[in-house]
Amino acid sequence: MAFAYADGVLCAEQVPLEEIARRHGTPCYVYSRDAIERAYREFTDHFASRPALVCYSVKANSSLAILQLLARLGAGFDIVSGGELARVLAAGGAASKVVFSGIGKSEAEIRGALTAGVRSINLESEAEMVRVNRIAGELGVRAPVAFRVNPDVDAKTHPHISTGLKQNKFGVAHTEAERLYLEAARLPHLNVCGIGFHIGSLMTDSAPFVAATRRVLALAERLERAGIALAHFDLGGGMGIAYREGERCAPIAAFVHGALDALGSRKETILIDPGRAIVGNAGVLLTRIEYLKRGESRSFAIVDAAMNDLIRPALYDAWHEIRPVREAQSGVPAGVYDVVGPVCESADFLARERPLAVREGDLLAVMSAGAYGMVMSSNYNARPRPAEVLVAGGKATLVRARETVDQLFAGERLLP
Ligand code: LLP
């Protein structure tokens, strides 16, 4: 277990979170190296029997140290911006293992990706296909491309993170795909190399994922008959994790083997782009209680982390487990608290109605905060963003210093 109690104190691997708070302050994201590596290896182990590349979805957590860990293990990367490409390269990742997704790639981003030599640009519209062909021609290269097909399959997840339905803005329509592939194959500066899909994030059931695989496979077979051979099949990401103890969530094996069974004996290289499943349960947000406040109808634990540090509860009504860093101590009265931050918004909560026996000054760990935590943080209310610490065994390393207030307005200018 990456995060477990030892002698009554919650630890990250072998390091007590109290020690990290003392050394680096709060709020602070803490990651377990072992948990990240194990989750990554779970994917590669399941694919061991055939050519495959696990492309970690950088958007889930793009801290350089985490990208570096994964690059060293041989991971590929799924990116959605020039900024993410720069991060991957700075962390030692190989451009030849990068797939570039996203519906709004700019000219500069396409140019940068082709110059770096990415493995595939995942096209999401006809207009983008035309643009990539033109830029590749200007650069004198052939752009490796795949279409992201929208299979119109319901991922049965939160509407904000569902992407595979007709009404979503992502991918090219399933009904349009064949025509676009034939068109792309005729364009002189494109090298049609693959096909892919991604129907949504936080899927707790593998059935929609397997259904989408079947649907896109049928399309690939039609393309093959039309003379278009594909080198890779990209399954996207979206495998869920359990945020609550006992929560039912299909294991990685169900997703991977469900897709592999559907694909049968086909020879394409399989790409898969998990983000959350690799880092989600490998991180916590460590925070300290500033005040306990009894309202008329509710009690509040006001902590030093807020919605600007972790926006998932405010944005998706997401549930994160809250654990006291020191296990319940005798003499501390138990209460039911909303865990809230200092930001001036009623949406600024990290958890609601949680039974806790805590005092002012106590530390809390917001669990399962490794994915879509730090990457979605902001400076709202002029709050510097948290520090990040990576733990490996008994060693805790500061991998991102806490932001300072000076850094917040370093690029601003007063009027003359
Ligand atoms: N591939 C594509 C094309 C994607 O759009 C995404 C996520 C992934 C892979 C990785 O999905 P994952 O394996 O992490 O589920 N902020 C939200 C999640 C947004 C996901 C966006 N796309 C959250 O906090 O739940």
Problem - Straight-line distance of Leu235 CG to Ile199 CD1, nearest 0.5 Å - result: 10.5 Å

Practice task
Measure centre to centre between the rings of Tyr181 and Phe147, then say whether the value is under 6.0 Å.
Solution key: yes

Problem - Derivation and outcome, side chain to side chain donor-acceptor pair (under 3.5 Å), residues Asn308 and Ser378 - result: CA-CA 5 Å; Asn308 74 293; Ser378 77; 5.1 Å; no

Handout entry: Any residue meeting side chain to side chain contact (heavy atoms under 4.5 Å, CB included) with Ala71, in chain and number order, not counting sequence neighbours
Key = Phe77

Fill in the blank from the handout: The side-chain hydrogen bond (donor to acceptor under 3.5 Å, both in side chains) partners of Arg22 (sequence neighbours excluded) come to none

Exercise for the section: Mark yes or no: Arg312 above the aromatic ring of Tyr316, with NZ or CZ under 6.0 Å from the six-membered ring centre and no more than 45 degrees from the axis. Expected result: no

Handout entry: Residues which pass side-chain hydrogen bond (donor to acceptor under 3.5 Å, both in side chains) with Glu138, listed by chain and number, not counting sequence neighbours
Key = Arg111, Arg134

Exercise for the section: With sequence neighbours left out, write down each residue that passes side-chain hydrogen bond (donor to acceptor under 3.5 Å, both in side chains) with Arg326, or none if nothing qualifies. Expected result: Glu18

Handout entry: Leu363 backbone acceptor or donor facing Arg288 side chain under 3.5 Å
Key = no

Practice task
Go through the structure and list residues passing salt bridge (Lys or Arg N to Asp or Glu O under 4.0 Å) with Glu412, not counting sequence neighbours.
Solution key: none

Exercise for the section: Can you tell me which residue pairs pass the ring pair (Phe, Tyr, Trp, His ring centres under 6.0 Å) test with a partner in residues 229-275, sequence neighbours excluded? Expected result: His46-His257, Phe209-Phe255, Tyr243-His320

Practice task
Could you give me the CA-CA distance, side-chain angles and deciding distance for Asn122 and Ser120, then say whether side chain to side chain donor-acceptor pair (under 3.5 Å) is met?
Solution key: CA-CA 6 Å; Asn122 291 348; Ser120 171; 3.1 Å; yes

Problem - salt bridge (Lys or Arg N to Asp or Glu O under 4.0 Å) against Glu37, all qualifying residues, sequence neighbours excluded - result: Arg33

Problem - Pairs meeting criterion side chain to side chain donor-acceptor pair (under 3.5 Å) with involvement of residues 80-91, two or more places apart - result: none

Completion exercise
Contacts of Phe100 meeting ring pair (Phe, Tyr, Trp, His ring centres under 6.0 Å) (sequence neighbours excluded), chain-then-number -> none

Problem - Min side-chain heavy-atom separation Val99-Val118 under 4.5 Å - result: no

Handout entry: From CD1 (Ile36) to CZ (Arg41), nearest 0.5 Å
Key = 12.0 Å

Completion exercise
Rounded to the nearest 0.5 angstrom, the OG-OH distance for Ser377 and Tyr29 is 6.5 Å

Handout entry: Exam field: side chain Glu128 to backbone Glu124, donor-acceptor pair closer than 3.5 Å
Key = yes

Exercise for the section: Without swapping roles, check the side chain of Thr287 against the backbone of Asp304 for a donor-acceptor pair under 3.5 Å. Expected result: yes

Fill in the blank from the handout: The side chain to side chain contact (heavy atoms under 4.5 Å, CB included) partner of Leu123 among Asn133, Val145, Leu180, Val130 is Val145

Exercise for the section: List the steps, then state whether side chain to side chain donor-acceptor pair (under 3.5 Å) holds for Ser63 with Asn61. Expected result: CA-CA 6 Å; Ser63 293; Asn61 188 321; 3.2 Å; yes

Fill in the blank from the handout: With sequence neighbours left out, the residues meeting side-chain hydrogen bond (donor to acceptor under 3.5 Å, both in side chains) with Asp309 are Arg383

Handout entry: salt bridge (Lys or Arg N to Asp or Glu O under 4.0 Å) involving Glu345 - partner list, sequence neighbours excluded
Key = none

Problem - Set of residues satisfying salt bridge (Lys or Arg N to Asp or Glu O under 4.0 Å) with respect to Arg298, sequence neighbours excluded - result: Asp338, Glu353

Problem - Whether Arg50 side chain and Ile270 backbone form a donor-acceptor pair below 3.5 Å - result: no

Exercise for the section: Test Arg276 against Ser201 for side chain to side chain donor-acceptor pair (under 3.5 Å), laying out the working first. Expected result: CA-CA 8 Å; Arg276 188 190 322 262; Ser201 194; 2.7 Å; yes

